[in-house]
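When a residue number appears, it is its place in the shown sequence, counting from 1. None of these values were measured; they are calculated from a predicted model.
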Amino acid sequence: MSTRINHLAVWLLVVAHQLIGFGWYAVFGELWLKYHAKTMTDIERPHDFTPFIVAIVASIAVNYALAWLIGRLKATNAGAGLKIAIVCWFAFLFVEYATISAFSAFETNPWPLVFINMGRPLLAFLLSGVVLGAWQKRI
């Protein structure tokens, strides 16, 4: 039995990714600012929607790619989808970001900051893997 991409699941996950980002930085925002030696008064509220559009487009790309990969690898349950999502997050995001951080000039990215920055996509990928693995359209 083959699968098709569940577009409803993908679009719900796009919304969930945005909510995860909002919640993640609501919880870890002060610590994140501290590692950047900034305070909330140093941050101006953006009037440009470009970062939000980029975040939404990135979430669309990530979720469609994961949905395609999960279907292509014939992962037919939440656990299998979760494993694929973890491998993708680790291999394509964490390892690359950690490498860049390790080589950053003047240690501008201490390891706790790396974990804060990589925790949000980890949570998003975990959710996507579970949902896309479990909720598939069959043909």
Side-chain angles (χ1 to χ4, degrees):
M1 180 182 300
S2 56
T3 60
R4 295 184 316 173
I5 291 176
N6 185 337
H7 298 286
L8 177 59
V10 168
W11 286 98
L12 289 174
L13 286 165
V14 168
V15 173
H17 278 218
Q18 304 316 302
L19 295 173
I20 287 169
F22 175 78
W24 187 263
Y25 287 102
V27 172
F28 294 107
E30 290 293 325
L31 188 57
W32 184 85
L33 285 170
K34 179 182 150 205
Y35 281 113
H36 284 289
K38 304 275 186 200
T39 64
M40 282 304 289
T41 56
D42 297 325
I43 308 289
E44 291 184 32
R45 291 283 180 213
H47 299 293
D48 183 12
F49 287 98
T50 304
F52 300 105
I53 293 168
V54 169
I56 292 167
V57 169
S59 181
I60 293 167
V62 163
N63 282 293
Y64 270 109
L66 276 174
W68 177 83
L69 188 59
I70 286 169
R72 188 83 171 153
L73 294 175
K74 298 181 181 6
T76 58
N77 59 54
L82 179 64
K83 289 175 188 174
I84 292 168
I86 289 170
V87 167
C88 288
W89 171 84
F90 184 77
F92 302 128
L93 285 176
F94 182 76
V95 172
E96 287 295 320
Y97 187 81
T99 302
I100 292 166
S101 295
F103 284 102
S104 69
F106 310 111
E107 302 217 354
T108 55
N109 291 326
W111 284 104
L113 181 59
V114 171
F115 292 125
I116 291 171
N117 286 337
M118 288 292 95
R120 187 217 40 90
L122 173 61
L123 187 59
F125 268 63
L126 295 176
L127 177 64
S128 292
V130 167
V131 170
L132 294 170
W135 190 16
Q136 296 180 8
K137 283 187 172 182
R138 310 251 187 248
I139 53 174

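For Leu31, the side-chain contact (heavy atoms from CB on, under 4.5 Å) partners two or more places apart in sequence, or in a different chain, are Lys34, Tyr35, Ile116. Listed by chain and residue number, nothing satisfies the side-chain hydrogen bond (donor to acceptor under 3.5 Å, both in side chains) test with Trp135 (two or more places apart in sequence, or in another chain). Considering only residues two or more places apart in sequence or on other chains, Thr99 meets the side-chain hydrogen bond (donor to acceptor under 3.5 Å, both in side chains) condition with none of them. Listed by chain and residue number, Phe49, Val57 satisfy the side-chain contact (heavy atoms from CB on, under 4.5 Å) test with Ile53 (two or more places apart in sequence, or in another chain).
Cluster annotation: Val54 and Ile20 are assigned to distinct hydrophobic clusters (Ile/Leu/Val/Met/Phe/Trp/Tyr, side-chain heavy-atom contacts under 4.5 Å, transitive). Residues Leu66 and Leu8 share a single hydrophobic cluster, defined by chaining ILVMFWY side chains whose heavy atoms lie under 4.5 Å apart. Both Ile56 and Leu12 are assigned to one and the same hydrophobic cluster, defined by single-linkage of ILVMFWY side chains at heavy-atom distances under 4.5 Å. Transitive grouping of hydrophobic side chains (ILVMFWY, heavy atoms separated by less than 4.5 Å) brings Trp68 and Val10 into a common cluster. Under a hydrophobic clustering in which Ile, Leu, Val, Met, Phe, Trp and Tyr are joined whenever their side-chain heavy atoms come within less than 4.5 Å, directly or via other members, Trp11 and Val62 fall into the same cluster.
Residue Gly133 comes nearest to Ile70 through the heavy atom pair CA-CG2, 4.1 Å, listed as atom of the first residue, atom of the second, then distance. Of all heavy-atom pairs between Gln18 and Ala55, the closest is NE2-O, 3.6 Å.
In this structure, Trp32 has its ring center under 6.0 Å from that of His36. Here the two rings, on Phe28 and Trp24, have centers that are under 6.0 Å apart.
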Which pairs of donor and acceptor atoms, one on a side chain in residues 79-97, lie under 3.5 Å apart (sequence neighbours left out)?
unit_1: Trp89; atom_1: NE1; unit_2: Met118; atom_2: O; d: 3.3
unit_1: Tyr97; atom_1: OH; unit_2: Asn117; atom_2: ND2; d: 2.6

Identify each donor-acceptor pair in which a side-chain atom of residues 122-131 lies under 3.5 Å from a protein atom, sequence neighbours left out, and give them as a table.
unit_1: Ser128; atom_1: OG; unit_2: His17; atom_2: NE2; d: 2.7
unit_1: Ser128; atom_1: OG; unit_2: Asn63; atom_2: OD1; d: 2.6
unit_1: Ser128; atom_1: OG; unit_2: Ala124; atom_2: O; d: 3.1

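Using a 4.5 Å heavy-atom cutoff, the side chains of Lys38 and Leu33 are in contact.
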Discussion item. Walk me through whether Leu132 and Asn6 qualify under side chain to side chain contact (heavy atoms under 4.5 Å, CB included).
Written reply: CA-CA 8 Å; Leu132 294 170; Asn6 185 337; 5.6 Å; no
